Engineer: 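Just passing along the structure, written as C-alpha cells.
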Amino acid sequence: MNAMNSILSKAKTEKNGLAGIALDSYGSTDDSVAFVHKDSLSENHPPSPGDLHAAEQGIYFRDGRRRIDFVLVFEEEDPGSKKSKRKKKKAAESGEVKEKSPEEKNDQYRKKFLNNLRKAGCEMEEEISSTGKKTITYIKVFASWDVLCYYAEELNFRAPLQAHPNPSENWSAKLLESLHIPNMMDQEVPNKPLDYYTCVFKKSKLDKFLGSENRDTFFSNTQRHRIVYEILATTPYGKRKRAEIGIDRLIDEGAFQAAYPLHDGSWNKPSHSIPAEQLNRRQVLYDYWARWGCWYKYQPLDHIREYFGEKIGIYFAWLGLYTAWLLPASIVGLMVFLYGVLSISTNTPAREVCNSGGDFVMCPLCDENIGCAYWNLSDTCTQAKIAYLFDHPGTVFFAIFMSFWAVTFLEYWKRKNASLAHHWDVMDFEEEEERPRPAFSAMAPSMEKNPVTGIKEPHFPDEDRFKRMMAGSVIIIFMMVMVLIFVLGVIMYRVLISIPLFQSVMFRAQASNIANMSGACVNLILIMASGIVYQKIAEKLTEWEMHRTQTEHEDSYTFKVFIFQFVNFYSSIFYIAFFKGRFVGYPGHYNRFFGLRNEACGQGGCLVELAQQLAVIMIGKQVINNAQEIIVPKIKNYLQRREVTKGMEKSAEPARWEEDYQLIENEGLFEEYLEMVIQFGFITIFVAAFPLAPLFALLNNWVEIRLDAHKYVCEVRRSVSERAQDIGVWFNILDALVQLAVISNAFIIAVTSEFLPRLLYKYEKNWNLDGYVNFTLAYSPPGAMSQECRYKEFRDRDGSFSLFYWRLLAIRLGFVILFEHVVFFISRLIDIMVPDIPESLEIKIKRERYLAKQALQDQEHIMAGGLAGVGEEDEGGDDDFAVTTQGRKAATRTDAGNVYLSVPTADV
C-alpha cells in the first residue's frame with residue numbers, strides 16, 4: 001500500500017509539474033539542461049534571459065511558456081538570387097499577361113491556410129533563416145487549452161484516473177530466473193512509464209482526472225501532436241470541391257516543404273556525466289535500444305510506445321517476438337543441414353554418380369543441331385553431392401516442424417498482442433474509437449448519421465467505392481500479368497544463355513548453374529524495379545477508393561501491394577518448384593515454346609535450382625534492403641543538410657526545429673512490414689528446399705531491429721503517433737501464408753524432392769539404394785538421337801511412362817493428402833489448446849467487470865440516499881463518459897445521473 005501511495009504521489013508530481021519544467025538547451029555547446037520553476041512561467045513571473053535562450057534554442061516559444069506542438073516549413077527564393085533574377089527577366093522579355101505564377105499561388109494558399117489555423121484556435125510564431133539564395137521560414141504551432149480539450153473529446157482520447165505499477169513481464173526472464181541462470185538480455189531502463197486506469201476524456205469531468213491541476217502537462221506530447229495534426233489535416237486553404245484541404249495536399253503542391261512535431265531534444269548524451277533519469281526520452285531510447293550494442297537486450301516497448309505511439313510500438317513488439325521465435329527454427333534448420341553434410345558420404349546415389357565414369361552417356365540438354373554435345377553423368381558429381389544437402393530425410397522432418405512452428409508462432413503472437421492491447425488501452429480501438437481519416441473527411445461528398453454513434457460524419461457511398469475498387473482490380477490484374485510476362489522472359493533468357501554455354505567446352509559442366517544463377521539475378525532486378533512502380537500505382541488507387549478510416553485505408557493498400565508482391569517474388573520460385581522440367585518431353589519428341597525446347601532441370605535436379613533461386617532472391621533482397629536502409633538515409637540526410645545549411649554561417653547553432661528539418665521524412669511502417677512478411681513466406685512456403693532460410697532470416701532481423709530503431713530515433717523526423725490495436729491485415733496475410741506453406745511443402749516433398757522415389761525404390765528394389773541411379777535413367781527411343789543416350793525419367797524404351805511412374809504418382813498424391821490432413825489437424829489442435837487471450841488476462845478483465853458492477857451498486861445506493869441531483873448538472877450530455885472494463889479500468893455511470901466512479905487502486 002505504501003508503495004502504491006508513493007507511485008501515486010510520483011504520478012501527481014509528474015502530472016502537476018511540481019518539480020519544474022525541463023527546458024533542454026538543444027544546440028548549446030555544453031549540452032546543459034536549464035530548469036524553470038513552474039511559478040516563473042506564470043504571467044507574474046516572466047522567464048529570465050537565460051531561460052529565454054533555452055526556449056529559443058529548444059522546444060518552446062520565445063516566451064518560454066508555450067511548448068511547440070508542430071512546425072511548418074516553407075522555402076522562398078531570395079529576390080536578389082540569380083535564379084529569381086532569371087525568372088523575372090524571362091517574364092519581362094515575354095511581355096505576356098499570364099496567370100499567377102506557382103510561387104504566387106503558393107503564397108496565397110499559405111496565407112489562407114495560416115489564417116484558417118488561427119481561426120481554429122492555433123497560436124503561431126515565425127522563425128526566419130536566410131541562406132543568401134533562399135529564405136526558410138519555420139512556423140511554430142501551439143494549441144491552446146480549449147482547443148486541446150475540444151479535440152480530445154472529438155478524437156475520443158483517454159485520460160488517466162489513477163496510476164498503478166507497470167505490469168509488463170517477460171516469459172523468458174521468468175524462465176531464466178526459475179533456472180537460476182543470469183539474464184544478460186535484461187536491462188533497467190530509466191523513467192519507465194507509469195500505467196494508468198483511464199476513461200474517455202470529458203472536459204466537464206476534468207477534476208476527476210489525474211494531473212488536471214496543471215494544464216501544461218495534462219496532455220502528453222504525443223496527444224498534442226495528434227490534435228494539432230488533426231487540425232492541420234482538415235483545415236482548408238481553397239475550395240472544398242477541389243479538395244484543397246489539409247497540410248499534406250499543401251506539401252504536395254509545394255506551398256510547404258515539411259510539417260512535423262519536434263523530437264524531445266538531441267539523441268546524443270551530454271559530454272558531462274548526468275544521471276540516467278535526467279536523460280530526455282530520445283536519449284533513453286538511443287542509449288537503451290537504438291545502439292548496436294543493445295542487439296541482445298530486451299526492447300523497451302513501453303518507452304517506444306510512449307514516444308512513438310501504439311502503432312510503432314506494436315510493430316517492434318511483433319518484430320521482436322518473430323525474431324525470438326526464429327532462434328529455435330534456425331537451430332533446427334542448421335542441424336538438418338549439418339546432418340546432410342555429415343551423412344553425405346553414406347549417400348549411395350551420389351556415390352554411384354561420382355563413380356560412374358563413362359557408363360552413363362546423357363542426352364544433350366539442348367538440340368544437337370545447334371551444337372550441344374552429349375555428356376557423362378559423372379560430370380555432375382559435385383551437383384549430386386550438393387543436391388543431397390537439401391534433399392534428404394531430414395528435410396521432410398524440417399518441413400513438418402516448420403509448419404507447426406508457424407502455427408504456434410501466430411497463436412502466441414495473438415496472446416502477446418492481446419496483452420499489449422490491454423496494457424496499452426487499445427483493445428477496442430478499431431470498433432469504438434477510430435474516427436474517419438482527415439483526407440476522407442475533407443473529400444467526402446456528403447454528411448450522414450453514423451449508425452453506431454448516431455453522430456453525423458462525412459460519408460462516401462459504398463456503391464461508388466465498390467465500383468472504384470472493381471476498376472482498380474483491373475489495373476492490379478494487368479500488373480500481375482506483366483509480372484508473369486517478366487517470368488516468361490527470364491525463362492527464355494535462361495534457355496537462350498544456356499545454348500552457347502553448352503556449346504563451349506570450357507563452360508559446359510557449369511552451363512546450367514551459370515544460366516540459373518544469372519537468371520535469378522536478372523529476376524531479382526526485375527522484382528525490385530516492378531515493385532517500386534506498382535506501389536506508387538497502388539497508393540493512388542487506394543486514395544481514389546475513399547476508405548473511411550485509416551485502418552481500412554491501410555488494409556486495402558496492404559492487400560493490393562502484397563497480392564502483387566506475392567506474384568512478383570514467388571512466381572519464379574513456384575515455376576521452378578512445380579513446373580520446370582515437367583513438360584520437356586523425351587528424345588525425339590521434345591515440347592517447344594516459340595521454337596525453343598522447354599527447359600529441363602539442371603544436372604543436380606530441380607530442388608538444387610529451387611534452393612539457388614531461394615538463396616539469391618531471399619538473401620539478395622535482404623542485402624539490398626539493408627544496404628538501402630544504411631546507405632540511402634545517410635545520403636538523403638547529407639543532401640538535406642547540405643541543401644538546408646547552404647549559405648549559412650558555420651558558427652551558427654541550429655535550433656531544435658532547424659535540426660529536425662535537416663532530418664529526412666518518415667515514410668511509415670509499410671515497407672518494414674512488407675519486407676518481414678515476404679521473408680516469412682520464404683521461410684515457410686519453401687523451407688523444405690532451403691533449411692538454412694530461418695538462419696539467414698534471424699541474422700537479418702537482428703540487424704533489422706537495430707537499423708529500424710536507429711532510423712526512427714536518429715535519422716528521420718518524428719512522426720505523429722498513431723493508435724492501433726494490432727498489426728492489422730498483416731496478420732491475416734501471415735495466417736494465409738501458413739496455410740499455403742503446408743500445401744506447398746507437401747507438394748515440394750512429393751513432387752520436387754527425390755524422397756518418395758527413393759522410398760519406393762527401397763521398398764520394391766533395394767533398401768540400400770544400390771542401382772538407383774541406373775533405375776531412374778531411361779534410354780532414348782531407337783533412332784531418336786544420333787547415338788543412344790540416357791535421360792532422367794521413368795519411361796520405357798518407346799517413351800511411354802513405366803508402371804513404376806504410375807505407382808509413384810499414386811503415392812505422391814496420397815502423401816500430399818496425408819501430409820496436409822495430419823498437419824492441419826494438429827495445427828487445429830494447437831489453435832484450440834492455446835487460447836488467444838492468456839488465462840491471467842481473462843481473469844483480470846473479469847475482475848474489472850466485477851469491480852465495475854460493485855461500483856455501480858454502490859453508486860445506486862448513494863443516489864438513493866439523496867444524491868439524485870448530481871446528474872442534473874450534466875443532463876442530456878456525456879452519456880458516453882465511462883471507464884472501459886476491458887483495459888485495467890473500472891468505473892461506472894448511471895443512465896439517469898451520469899455519475900462516474902473509479903475503482904480504488906488498492907482493490908485492483
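From a predicted model like this one, the values you see are computed outputs, not experimental measurements.
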Engineer: Could you tell me whether Y150 atom OH has more than 12 heavy atoms of other residues or ligands within 6.0 Å of it?
Structural biologist: no

Engineer: Would Q679 and Y322 count as a side-chain hydrogen bond (donor to acceptor under 3.5 Å, both in side chains) here? Give the steps.
Structural biologist: CA-CA 11 Å; Q679 179 199 90; Y322 171 46; 2.7 Å; yes

Engineer: Do E672 and K711 meet the salt-bridge criterion of a basic N to acidic O distance under 4.0 Å?
Structural biologist: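 So K711 pairs with E672 through a salt bridge.
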
Engineer: Under 4.0 Å between a side-chain nitrogen and a carboxylate oxygen: does that hold for K203 and E153?
Structural biologist: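 Result for this pair is no, no salt bridge flagged.
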
Engineer: Taking the six-membered ring for Trp, are the ring centroids of Y296 and W702 within less than 6.0 Å of each other?
Structural biologist: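 Judged by ring-centre distance (under 6.0 Å), Y296 and W702 do not meet the cut-off.
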
Engineer: State whether R226 and E230 are salt-bridged, where the test is any N-O pair (Lys NZ or Arg NE/NH1/NH2 against Asp/Glu carboxylate O) under 4.0 Å.
Structural biologist: no

Engineer: Going by the angle between their ring planes, with limits at 30° and 60°, are Y237 and F113 parallel, tilted or perpendicular?
Structural biologist: perpendicular

Engineer: Using the rule ring-ring contact (aromatic ring centres under 6.0 Å, His included), only one of W318, Y673, Y315, F680 pairs with W730; which is it?
Structural biologist: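 Single ring-ring contact (aromatic ring centres under 6.0 Å, His included) partner of W730 among W318, Y673, Y315, F680: Y673.
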
Engineer: Counting heavy atoms not belonging to Q628, are there more than 12 under 6.0 Å from its CD?
Structural biologist: yes

Engineer: Which of these, K540, K560, R465, sits in a salt bridge (Lys or Arg N to Asp or Glu O under 4.0 Å) with E545?
Structural biologist: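 Looking at K540, K560, R465, the match for E545 under the salt bridge (Lys or Arg N to Asp or Glu O under 4.0 Å) is K560.
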
Engineer: Can you classify the ring geometry of Y557 versus F670 as parallel (below 30°), tilted (30 to 60°) or perpendicular (above 60°)?
Structural biologist: tilted

Engineer: For R281, is there an ion pair with D302 - N to carboxylate O distance below 4.0 angstrom?
Structural biologist: no

Engineer: Of all heavy-atom pairs between A276 and N191, which one has the smallest distance, and what is that distance?
Structural biologist: O-ND2, 4.1 Å

Engineer: In a check of side-chain contact (heavy atoms from CB on, under 4.5 Å) between I68 and each of K140, E125, R224, which one passes?
Structural biologist: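 Option passing the side-chain contact (heavy atoms from CB on, under 4.5 Å) with I68: K140.
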
Engineer: Salt-bridge test for R656 and E659: reply yes if a basic N is under 4.0 Å from a carboxylate O, no otherwise.
Structural biologist: yes

Engineer: Between the side chains of K634 and E715, is the shortest nitrogen-to-carboxylate-oxygen separation below 4.0 Å, so that they form an ion pair?
Structural biologist: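 Looking at K634 together with E715, the answer is yes, because their closest N to O distance falls below 4.0 Å.
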
Engineer: How about K297: does its NZ atom have over 12 heavy atoms from other parts shown lying under 6.0 Å from it?
Structural biologist: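 It does: K297 NZ has more than 12 such atoms within range.
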
Engineer: Looking at side-chain heavy atoms only, is the closest gap between F218 and N214 below 4.5 Å?
Structural biologist: no

Engineer: Between R305 and E310 (salt bridge meaning N to carboxylate O under 4.0 Å), is one present in this structure?
Structural biologist: yes

Engineer: Taking the side chain as C-beta and beyond, is there a heavy-atom pair between L669 and E722 under 4.5 Å?
Structural biologist: no

Engineer: Just wondering, do T323 and L698 contact through their side chains at under 4.5 Å, heavy atoms?
Structural biologist: yes

